[in-house]
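Below is one structure; the comments refer to it alone.
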Amino acid sequence: MSPEWPQLSRRSALKLGVGSLASAVATASLAGQGCSRLSFRALAETAEGSAAPSQSLQAKAAAKGLLYGAAASYGPLSTDANLAAAHIRDCRILVPENELKWLTVQPQPDRYDYSQGDWLAQFARSHNMQFRGHTLVWNQALPPWFDQVVTSQTAEQILTQHITAVMQHYRGQMHSWDVVNEAVAVGHTRRSDGLHPHPWLDLLGEDYIELAFRTAAAADPDTLLVYNDRWLDYETPRDQGQRTAVLNLLSRLKASGTPIHALGIQAHLNGSETRFNPNLLREFLADVASLGLKILITELDVEDKDLPADLALRDRRVAQVYQDYLSVVLDEPAVIAVLTWGLSDRYSWLSNYAARPDGLPVRPLPLDSDYQPKPAWNAIARAFDAAPQR
Ligand code: XIL
């Protein structure tokens, strides 16, 4: 399956330069790739670097009142011009993959380090992207000093200080913040409410979640406060339990007047999982929306670890999973944003976390490792095109 876009990549357009646009278009037409007036404009906009091409994912999403963007890390984004160009072309929102996690941002109890986060915020600002924060309270990515310093006496102060300091630093700059990440993990806990074993749970009890949201609302009253979680997608016992537990948690938080505005669904999907039930997902999304919450798809990607090696087959299956999932999710009016967990296969956490047994590179994202759109890109584009207007 060959990608439908672009007629010419941003890279080729940049290499050709603005002066060569007419011949570039002629070349593309000669190559039989159907360069219409629309794509000429897209190409011109791209080459000038002033606006996103009208056929980018961000433009397709924006046409429906949706936001599309992706996670990126400081290292690749600040050194790989092709990756930066791809983000500028396709994304209207950026989320740091690791740079705002506790470990990075507060490496010592009395020292905060915003250097990488600030660079990413500036990148977003200078390319007209929104910026989102990930994540304030999580049981992972905690700094080495954590266990020595945090006791039941100091826990509340350390938690609230961290949230306040980081959110005030980015006050006024954030589209949204993942205030609490992965608090629920059914199957990993004996608790009937599904709450995950967690340092904060041990030290402060289940109220740590409400405390985190109240502290967040005081630190930056103008950003969207999100509860972010995983395993909410499939018709498996684990995901069904997770949906119930997350819905119960959200209901409890709303009932106690906690300032929470949205659910973030990570959506790390699996290309070899067949137990996808659109009706169950629709029902869950509607239940979340009925609590008055917005929904963001925050970390979308499709694991291809157990798919056949054949590239065309593999890409087609990954694209199908994107399409099946997004066509359901985007039908729900409460869904306001979609972010993939990376943009190019060259940089995916799944290269480490779900490597293929045959050693072939993983292909879970919209662009291949040369930044070219794959069938997954087309599937996402089609889902935006088919989505109802917000
Ligand atoms: C992952 C990053 O992508 C990796 O680079 C890092 O080593 C571990 O964390 N759910 C989350 C994200 O909420 O923070 C995780 O990100 C992926 C799963």
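When a ligand or atom number is given, it counts from 1 through the structure's own listing order. These numbers come from a predicted model, not from an experiment.
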Exercise. Does the ring centre of W138 sit less than 6.0 Å away from the ring centre of H196?
Worked result: no
Problem set entry | Ring center gap for H268 and W349 short of 6.0 angstrom | yes
Exercise. Hey, does L285 have a side-chain heavy atom less than 4.5 Å from the side chain of I265?
Worked result: yes
Exercise. Is the closest side-chain donor-acceptor distance between T236 and R275 under 3.5 Å?
Worked result: no
Problem set entry | Ring-ring centroid check Y114 Y170, cutoff 6.0 Å | yes
For this session: Measure up the W231 and H188 rings against each other and bin them: parallel (under 30°), tilted (30 to 60°), perpendicular (over 60°).
Result: tilted
Problem set entry | Sorted by chain and number, the residues that approach ligand 1 to under 4.0 Å with a heavy atom | E97, N98, K101, H134, W138, N181, E182, Q266, H268, E299, W341, W349, Y353
